[in-house]
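Below: one structure, written as structure tokens.
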Amino acid sequence: MNDEILKEKEELKPSISFIEQFIIEDLKAGKNEGKIITRFPPEPNGYLHIGHAKAICLDFGMAQKHGGKCNLRFDDTNPVKEDVEYIDSIKEDIHWLGFDWEDREYYASDYFGNLYNFAIELIQKGLAYVDDQPADLISSQKGTPSQPGIESPFRDRMADLNIELFGRMNKGEFEEGSHVLRAKVDMNSPNMHMRDPIIYRIIKSPHHRTGSKWNVYPMYDFAHGQSDYFEGVTHSLCTLEFEVHRPLYDWFIDHLKTDDYRPRQIEFNRLNLTYTMMSKRKLLELVQEGKVSGWDDPRMPTLCGLRRRGYTPESIKRFVDLIGYTKVEAINDVSLLEHAIREDLNIRSPRVFGVLNPLKVIITNYEEGKVENVELINNPEDEKMGKRLVPFCREVYIEQDDFLEIPLHKFFRLAPGMEVRLKGAYIIKCEGFKKNESTGAVEEVYCTYDPDTRSGGNISEKKVKGTLHWVSARHAVDAEVRLYDRLFNHEDPAGSKCDDYRTLLNPDSLKVLTGCKVEPSLGSAKPLDKFQFQRLGYFCVDYDSKPAKLVFNRTVQLKDTWAKLNK
RNA sequence: UGUCCCGUGGUGUAAUUGGCAACACGUCUGAUUCUGGAUCAGAAGAGUUCAGGUUCGAGACCUGACGGGACAACCA
């Protein structure tokens, strides 16, 4: 019996990723004195997206869970592409997710001196040389994945000359592109990265941290693995495409290490989401071409975009948890992300009334000028969130979708002769409506109410099938509501064979509604405040919102079985 | 034509390291509900790419095919 309970508990335990299994094995084996140090190494050349969140959760999460530390290290080896603007946003986004690197904010540029000395050392050992050939020649000599490369004529230059030339490169005596430093590895390797990779190039633009101190900068491959080594990183977690770089990193570390410590690199699959893409380059293009309003456009998969859309850090972490880490290149369904945010917001967000497409209802037998404050529960999932009063009077707005001249099968809302409850108030019956002769649009609906049916009272036993949200016409606050849909119509825009992903953009990804009516309690809502507009979805106050002019972003719709029925 | 990685319901992941495939999302029923939400109960859906082999026994191991991905930036 006990065994059964134990077994059940075992099954409830979330499974451990292959990466964590490796980590646990290493820890148990006493490697690195049983310590774990990881790092998150972004390049400051763009904003973080949800794919980075997956890496952040792993890097910080593993360290946290196993009593270690995670460093933040900016991989800033290319001054022409990088900018401090990005550094600030990256730090903000990591903190927003709930992770902290304390005082361990490092930069690859911190190690330029060490790296330079290491390069000299390699030259002295005859393991690196200055190549005077132009880029296109070097690249053609590299061969192809199926054909071996050709050795450079400068490959066997004397060490002294190499040192002299490398020194002059760094002094700025040569033009960009005229010389590079290459590691002497193996031009016949089946692994392209081992074919005498370029490890230093001349760049004369100033660096955001080191200014104009250097005229040569290490390539990523020459900086990344060594930076991990300098920091004492034990587990270097990265995405699948770096698998083929690993032998090169190992080659460098072999020539650098003084004992048996070396970082262990483990690769996992990157995060892909349906109907969007993660390429920083393409996201930048969308921003620059004005296809979206900025990096934080709520349709963007960036963390700042998701934040503005109304996503919570918890929901993102939960999502990352659900998709897991494997070695299979996968594409994740957005509906899982949407599930994660609904699940989170269902518990924490207060319910309110907001009418997106207002239709006026006049309750003909309700006293003119009378106002009743009806009591509504803020969140049925959490009693502690209390109740609020909402004004009710003779004229209210309901959703246009909630009225039909001729009811459809299984339509439980308002139509001539039908009864519905106005949530928290009374049951009303539709007696008639006014139609605009020329447009055919319904302009007003006339109803009567049953005074015995007020919510909370128990005079009437009357039951109705439908319950509508509403806003008192006299007390309503105007709002703008931005409805978002998927950015692309194609499930996998990055993977499609289409030559221009721009043609795959969803033209209806943004719909702006004005003249929406929301309940008066929302008048004081502040940017990033989150609500459930009852029966509609979750909404978040936008940065553009002002007390006089409210703006809401729709985070995600509520599940809508009626809409599904009508498909 | 090369090297490396990978191949489990529609999607994403599991399977205590060899013991007759589990979970989540999605889909579909039904119950319930003053949110057509949430909740609850249930259903359908893979025999693990294929073919051999090892074994009493294979999704796990071996071999080979097939399929997918990565790699040829003075990017990271």
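Letters go in sequence order (proteins before strands), and every chain restarts at 1. The figures that follow rest on heavy atoms only: side chains count, while hydrogens, waters and symmetry mates do not.
Taking atom CD1 on A:I50 and atom P on B:G12, their separation rounds to 16 Å, with Å as the unit. Atom CG in A:D560 sits about 14 Å away from atom P in B:G26, given to the nearest Å. Look at CD on A:Q147: it is 14 Å from C1' on B:U3, rounded to the nearest Å. Spacing between atom CG of A:L271 and atom C1' of B:U13 amounts to 14 Å, rounded to whole angstrom units. Distance, A:F412 CZ to B:G36 P: 10 Å, rounded to whole Å. Rounded to a whole Å, the CD atom of A:Q534 is 17 Å from the P atom of B:U33. Between the P atom of B:C23 and the CG atom of A:D333 lies a distance of 20 Å, rounded to the nearest Å. Rounded to whole Å, the distance from CD1 on A:I323 to P on B:U13 is 7 Å.
One cannot find a donor-acceptor pair under 3.5 Å joining the base of B:U39 and the side-chain atoms of A:E381. Residue A:R342 places no side-chain atom within donor-acceptor reach of the base of B:G37, judged by atom type and a 3.5 Å distance cut-off alone.
Comparing the same atom, P, in B:C5 and in B:C61 gives a spacing of 13 Å after rounding to whole Å. Between the P atoms of B:G37 and B:G30, the separation comes to 13 Å (whole Å). B:U16 and B:U54: their P atoms are spaced 24 Å apart (whole Å). Atom name P, nucleotides B:A22 and B:G47: the rounded distance is 14 Å, in whole Å. Comparing the P positions of B:C20 and B:C25 gives an interatomic distance of 25 Å, to the nearest angstrom. The gap from the C1' atom of B:A46 to that of B:A24 amounts to 16 Å, rounded to the nearest Å. Taking atom C1' in both B:G52 and B:U13, the straight-line distance is 30 Å, to the nearest Å. Atom C1' of B:G45 sits at a distance of 32 Å from the matching atom of B:G64, rounded to the whole Å.
Taking the six-membered ring for Trp, A:W562 and A:F412 have ring centres at least 6.0 Å apart. Two rings, from A:F268 and A:Y325, have their centers less than 6.0 Å apart. Side-chain rings of A:F533 and A:F539 approach one another, their centers coming within less than 6.0 Å. Checked against the 6.0 Å centroid threshold, A:Y200 and A:F222 count as a close aromatic pair. Residues A:F74 and A:Y86 place their aromatic rings such that the two centres sit no closer than 6.0 Å.
Each of B:G36, B:G37, B:A24 was ranked by its minimum atom distance to the side chain of A:P380; first place goes to B:G37. Picking from B:U13, B:U35, B:G36 the nucleotide with the shortest atom distance to the side chain of A:F411 gives B:G36.
Between A:E243 and A:K327 a salt bridge is recorded (basic side-chain N to carboxylate O distance below 4.0 Å). Of the charged side-chain nitrogens involved, at least one lies within less than 4.0 Å of a carboxylate oxygen, so that A:K462 and A:E419 count as a salt-bridged pair. Under the 4.0 Å criterion applied to side-chain N and carboxylate O atoms, A:R73 and A:D228 are assigned as salt-bridge partners. For the pair A:E314 and A:R348, the salt-bridge criterion is met [side-chain N within less than 4.0 Å of a carboxylate O]. Salt bridge A:R39/A:E231: absent, no basic N to carboxylate O contact under 4.0 Å.
Contact annotation for A:Q532: base contact, defined as any heavy-atom pair under 4.0 Å involving a base atom. Note on A:R413: a base of the nucleic acid sits closer than 4.0 angstrom, heavy atoms only. When heavy atoms are screened at a 4.0 angstrom cut-off, A:R351 is found touching base atoms of the nucleic acid. Residue-level contact check: A:G424 touches the bases, meaning some heavy atom is under 4.0 Å from a base atom. Counting any heavy atom pair closer than 4.0 Å across all strands shown, A:I331 reaches sugar-phosphate atoms only and no base atom. Among the heavy atoms of the strands lying under 4.0 Å from A:G456 is at least one base atom, whether or not backbone atoms are also near.
OP1 or OP2 of B:C25 has not a single side-chain nitrogen or oxygen of A:S335 nearer than 4.0 Å.
In this structure, B:G57 is classed as anti because its glycosidic torsion departs from zero by more than 90°. Under the 90° criterion around 0 for the glycosidic angle, B:U17 counts as syn.
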Report each atom pair, protein N/O against N/O of nucleotides 27-30 of chain B, whose distance is under 3.5 angstrom.
from	atom 1	to	atom 2	distance (Å)
B:U27	OP1	A:K564	NZ	2.7

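Residues A:Q21 and A:E343 both approach RNA chain B. Their nearest nucleotides, taken by heavy-atom distance, put A:Q21 toward the 5′ side.
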Start with the C-alpha distance between A:F242 and A:Y249, add both sets of side-chain angles, then the distance that settles ring-ring contact (aromatic ring centres under 6.0 Å, His included), and finish with yes or no.
-> CA-CA 10 Å; A:F242 293 104; A:Y249 300 162; 7.4 Å; no
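In the model, A:D196 has a side-chain atom that pairs as donor or acceptor with a side-chain atom of A:Y129 under 3.5 Å.
The 12-atom threshold is not exceeded at CZ of A:R270, counting heavy atoms of other residues, nucleotides or ligands nearer than 6.0 Å.
In this structure, A:R264 forms a cation-pi arrangement with A:F22, its terminal cationic atom sitting closer than 6.0 Å to the ring centre and no more than 45° off the ring axis.
Residue pairs satisfying the salt bridge (Lys or Arg N to Asp or Glu O under 4.0 Å) criterion with at least one member in residues 138-151 of chain A, sequence neighbours excluded, are listed as follows: A:E151-A:R155.
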For nucleotides 41-48 of chain B, read 5' to 3', which letter fits each nucleotide if B means a protein heavy atom sits under 4.0 Å from the base, S means only the sugar-phosphate is that close, and - means neither?
-> --------
Going 5' to 3' through nucleotides 68-76 of chain B, assign each nucleotide B (protein heavy atom under 4.0 Å from a base atom), S (under 4.0 Å only from sugar-phosphate atoms) or - (no protein heavy atom that close).
-> --SSB-BSB
Treat a base pair as Watson-Crick or G-U wobble with both distances under 3.5 Å, then lay out RNA chain B in dot-bracket form, 5' to 3', with | for cross-strand pairs.
-> .((((((..((((.....[..)))).(((((.......))))).....(((((..]....))))))))))).....
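Between the NZ atom in A:K54 and the CE atom in A:M278 there is a gap of 10.0 Å [rounded to 0.5 Å].
Listed by chain and number, the residues in a salt bridge (Lys or Arg N to Asp or Glu O under 4.0 Å) with A:K282 amount to none (sequence neighbours excluded).
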